[in-house]
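This structure is a prediction, so every number in the text was calculated from the model and none was measured. What's counted below: heavy atoms across the whole structure, side chains too, no hydrogens, waters or symmetry copies.
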Amino acid sequence: MFKDGFKVFDIHGHLPYAQQFVKHDEVIDGAQAERGERMRLTWDFPSGPDTGPGAGRPLIDRWADELDKYGIGGLNFLTARGNDDLKEQISKYPGKFAGFAHHSIEAPDAVEELQRAVDELGLRGYKLFGPLIQTSLDDPALRPVWSFLAERKLPVLIHFGLLGHTGGIVQHRNINPLAIFNVAREFTDIPILIPHFGAGYYQELLHLCWGCPNVIVDTSGSNQWMRWAPYDLTLETLFRKTVELIGPERVVYGSDSSGFPRGYVYRYLQDQVRVCRELRFRETDIQSIFGNNARRLLRLPETAASVQEHKGVEVL
């Protein structure tokens, strides 16, 4: 899929973490089982529990094998069972994995934990779920965290939009990407990544990008939310319009890979690269979207093919 020996760097993966945003009861679980099976068949994902040959091996070893299997250069994990767990796992393969801190921004020690995660654990950013934050994002109580991120120019990835599957969150004060507008406009040194093209709030995401040049679009996942929009959307439309309006330097690839037996969702990568090639994006732009933008955000070395084009350009 790529020229010049280029390797993908994926900004968006997950190690297991506590998911407290899905309601469960007999009706919801039944509907989700039916919907999940339909999606499994659509994407040809494996069925059943994780009982394959690698099921007993350490999880991070299996992820390392997945990256080798598909020729992926690196994967950034956004979650785990705590920041220390994430550090312990990814440190086994420092050339393959990076990670973001993930803890409540509303905790009394949120900024201290973020500083510890960055300075002591070596994590490279911060992951939040907007619809899980009960405080307005521009509340003064959260200001120390935004100030720390801005001082260090650290990226923060915030999930807005539909959260979870059947029984998930579809209404919340912080579900709209525009909830971060005041913060993004004030703290312009923070690269703010919005995943899944806004997950149902694409127009609002574009408006946010229009007003705030430090906002970056993360392409991650299957983007099935498009099917629930009242107007026709395709992956081609999302890539074409996003790159047309904000440029390829503000678009970053993610897979949203999250567990086994599914493993690395290479199908999502194939679909997104196919779209970019059919839209006739330049090779350097494709390499920016599928790896080098992430590497610059995480302060990792870029691949040789695209370094020269961005030489001398300061990246947020």
Side-chain angles (χ1 to χ4, degrees), residues 9-21 60 74-160 174 177 179-195 212-216 218 252 254 293-301 314-316:
F9 196 100
D10 184 337
I11 197 76
H12 194 131
H14 293 280
L15 290 171
Y17 66 106
Q19 298 186 22
Q20 302 172 341
F21 43 77
I60 200 65
L75 174 61
N76 182 60
F77 286 115
L78 302 172
T79 60
R81 295 188 179 96
N83 294 333
D84 291 287
D85 174 55
L86 179 55
K87 166 60 176 178
E88 181 180 355
Q89 295 204 57
I90 66 176
S91 62
K92 189 172 181 179
Y93 296 95
K96 290 183 181 293
F97 301 115
F100 276 14
H102 174 55
H103 57 273
S104 173
I105 193 174
E106 297 173 288
D109 64 343
V111 69
E112 290 80 9
E113 174 59 14
L114 180 58
Q115 183 171 358
R116 184 185 76 90
V118 172
D119 291 343
E120 297 182 22
L121 304 181
L123 303 183
R124 297 176 181 270
Y126 194 24
K127 159 68 174 180
L128 296 168
F129 291 94
L132 299 184
I133 301 170
Q134 305 311 315
T135 308
S136 294
L137 299 182
D138 58 358
D139 189 287
L142 306 185
R143 189 177 183 85
V145 173
W146 305 128
S147 296
F148 176 79
L149 290 166
E151 177 187 346
R152 300 291 187 92
K153 298 186 177 182
L154 291 169
V156 57
L157 189 149
I158 312 176
H159 179 111
F160 292 103
N174 290 322
I180 198 68
F181 171 68
N182 289 336
V183 172
R185 188 169 58 166
E186 179 177 359
F187 295 97
T188 55
D189 282 331
I190 305 176
I192 299 175
L193 285 73
I194 312 297
C212 302
N214 51 322
V215 172
I216 298 164
D218 162 359
V252 59
N293 289 340
R295 290 182 174 99
R296 289 196 299 278
L297 286 165
L298 302 181
R299 302 174 189 180
L300 300 170
E314 181 178 359
V315 178
L316 290 171

If you measure from [atom1] on [X] to [atom2] on [Y], what distance do you get to the nearest 0.5 Å?
X	Y	atom1	atom2	answer
I180	F160	CD1	CZ	5.0 Å
L154	I190	CG	CD1	9.0 Å
I133	I158	CD1	CD1	6.5 Å
L157	L128	CG	CG	9.0 Å
E120	D84	CD	CG	9.0 Å
R143	E186	CZ	CD	4.0 Å

Geometric class of the Y126/H103 ring pair [parallel <30°, tilted 30-60°, perpendicular >60°]: tilted

Heavy-atom check, side chain of Q115 versus side chain of F148, under 4.5 Å: yes

4.5 Å side-chain heavy-atom contact, L298 and I11: yes

Over all heavy atoms of both residues, which pair between [X] and [Y] is shortest? Give the atoms and the distance, please.
X	Y	value
P301	R295	O-CD, 2.9 Å
P144	V111	O-CG2, 3.6 Å
R299	R124	O-NH1, 3.9 Å
A101	L114	CB-CD1, 3.9 Å
A117	N83	CB-ND2, 4.1 Å
D218	P195	OD2-CB, 3.2 Å

Any donor-acceptor pair under 3.5 Å linking the side chain of [X] with the backbone of [Y]?
X	Y	value
T188	R185	no
N174	P131	no
S104	E106	yes
W146	A184	no

Verdict with supporting geometry, I90 and L123, side chain to side chain contact (heavy atoms under 4.5 Å, CB included): CA-CA 10 Å; I90 66 176; L123 303 183; 4.1 Å; yes

Charged N-O contact under 4.0 Å between D109 and R116: no

Heavy atoms of other groups near E112 CD, more than 12 under 6.0 Å: yes

Verdict with reasoning, F77 to F100, per ring pair (Phe, Tyr, Trp, His ring centres under 6.0 Å): CA-CA 6 Å; F77 286 115; F100 276 14; over 10 Å; no

Check against side chain to side chain contact (heavy atoms under 4.5 Å, CB included), L297 and L193: CA-CA 10 Å; L297 286 165; L193 285 73; 4.1 Å; yes

Test item: side-chain donor near acceptor, H102 and T79, under 3.5 Å: no

Test side chain to side chain contact (heavy atoms under 4.5 Å, CB included) applied to F97 and L86, I60, N76, the passing residue: I60

